[in-house]
2 protein chains.
Amino acid sequence: MEDGTVERARPRDRILETAQDMFHKHGIKGVGIDAITEAAGTNKMTLYRHFDSKDDLIIQCLRATACKAGAMWEKFETEHPGDKLAQLHAWVRIAADMLRADGRGCDMANAAVELSETDHPARRVIKELKEAQRDRLVTLCRDAGIGQAELLADTLSLLLEGARVSVQSVGTEGPSAQFVRMAEGLIVSFRGTAAG
Amino acid sequence: MEDGTVERARPRDRILETAQDMFHKHGIKGVGIDAITEAAGTNKMTLYRHFDSKDDLIIQCLRATACKAGAMWEKFETEHPGDKLAQLHAWVRIAADMLRADGRGCDMANAAVELSETDHPARRVIKELKEAQRDRLVTLCRDAGIGQAELLADTLSLLLEGARVSVQSVGTEGPSAQFVRMAEGLIVSFRGTAAG
DNA sequence: TCGTGACGTTACAGACCGGTAACACCATAG
DNA sequence: CTATGGTGTTACCGGTCTGTAACGTCACGA
């Protein structure tokens, strides 16, 4: 038991991984259950034995993606232990790298756009995960000695969110190309007015 | 001829108006042709006599929406003739009002998220319209005497784009609530460093 | 050896989708 | 009166979608 080879994980894990990737690339409404199961090397029945519905799969995918993103935050701490300001700059750098490399936006934001029904079960999950994401950035800003930590965190959040959407509209050469300059300028500006 | 009553415009106009509204509220992939024609008080055949395909309808809707947005810019000029800085502040105020009232983001950005196929015919239209939008804001910033006009315009663009997405994820009480404070702060900051 | 549970296969239901064909209607212009 | 063009109606095509039923297979553990 428990061989857990990388190339042949359990069906549930393969489905989750494949669905995350395909939802990210093609959008939630742009990919069907059949396409996911085929790409995951399994079948529809097995998917529905592990997930109640497509909506359930969507939610599990969002949680899994958020979990991966959470791992990145731990890397900030290990690479710059104790230096919160360096971690904030690392956040900016990682964000800029994603902008350049990815071409698609944040999975949660994209899902919120696609799932316009106000009572869709995924919406509360999106809100929950996005708020947790915000709290972490606020805490980082505060620990980095920024006076108006909430305002800087929210501004950086909106800038990144906007940049990730802008990339999808006008590409990487558009306004998002200036993201690092904007973010670094804001950090400098907020550090200047720090209320220690 | 040309009675053009408001309550009973020509079918093509009714379809275009209804489609814009429904695409905006429910998303492009969330609305079918049948639903549009029924809401517009007409039928599918009439729609396909005026539009080549759903993709064509999407594109015409995007252009119509952009045209309406263009009318807003003329209002800036009539309400603050010659005073470009006042027009810039008016832009911020209008943007904030939309954030509070609308709940759904920019139609072009939403469409870019939904239509992930890189060769979708609407994508070049989205890019074209978004670039025109950016050019107008850059020009306004420059005419308002801002030194780094492009950088301010791009920053404001990303902030608004991000705010409109954030509203869909976490609602109007999230980071977008600080939009005015952020935008006004940026304008002040950029005016301070103006290179006349 | 036998049972059990996870997984695969096929087929299907029921709904919706975008798009088209054929035909009926009706106001207006000539 | 008649011709014409815009419109409405019905029915349909082929495809795709989520989700389910029934059955077969296979590994593993008791």
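Lettering follows sequence order; numbering is per chain, from 1.
Contact annotation: His50(A) does not reach the phosphate of dA6(C) (side-chain N/O to OP1 or OP2, under 4.0 Å). Proximity of Thr46(B) to the phosphate of dT7(D): no side-chain N or O atom is located under 4.0 Å from OP1 or OP2. For dG8(C), one of the phosphate oxygens OP1 or OP2 lies less than 4.0 angstrom from a side-chain nitrogen or oxygen of Thr42(A).
In terms of position on DNA chain C, the residue among Arg49(B) and Asp52(B) whose nearest nucleotide sits closer to the 5' end is Asp52(B).
Taking atom CG of Asp34(B) as the reference point, atom P of dC13(D) lies 17 Å away to the nearest angstrom. At whole-Å resolution of the value, CZ in Phe51(A) and P in dT18(D) are 14 Å apart. Distance Ile33(A) CD1 to dG8(C) P: 15 Å, rounded to the nearest Å. One can place CD1 of Ile58(A) at 9 Å from P of dG19(D), the figure rounded to the nearest angstrom. Taking atom CD of Glu38(A) as the reference point, atom P of dC7(C) lies 19 Å away to the nearest angstrom. What separates OH of Tyr48(A) from P of dA6(C) is a distance of 20 Å, to the nearest Å. To the nearest angstrom, C1' of dG19(D) lies 13 Å from CG of Asn43(A). Between Lys29(B) atom NZ and dT16(D) atom P the separation is 14 Å, expressed in whole Å.
Evaluated for a side chain to side chain donor-acceptor pair (under 3.5 Å) with His24(A), the options Asp102(A), Asn110(A), Thr65(A) yield exactly one hit, Asp102(A).
Follow the hydrophobic side-chain contacts under 4.5 Å out from Leu158(A) and you reach Ile187(B) in the same cluster. Side-chain heavy atoms closer than 4.5 Å link hydrophobic residues (I, L, V, M, F, W, Y) into clusters, and following such links, even through other members, never connects Val170(B) to Val165(A).
In this structure, the nucleotide among dG8(C), dG6(D), dG19(C) sitting nearest to the side chain of Arg10(B) is dG6(D). Looking at the side chain of Pro11(A), the nearest of the listed nucleotides dT9(D), dT9(C), dC7(C) is dC7(C). Residue Lys44(B) places its side chain closer to dG18(C) than to any other of dG6(D), dG18(C), dT18(D). Here the nucleotide nearest the side chain of Met45(A), chosen from dA11(C), dT20(C), dA22(D), is dA22(D).
A salt bridge links Lys84(B) with Glu77(B); the closest basic N to acidic carboxylate O contact falls under 4.0 Å.
Side-chain contact annotation: Gln60(A) with Asp56(A), donor-acceptor N/O pair under 3.5 Å present.
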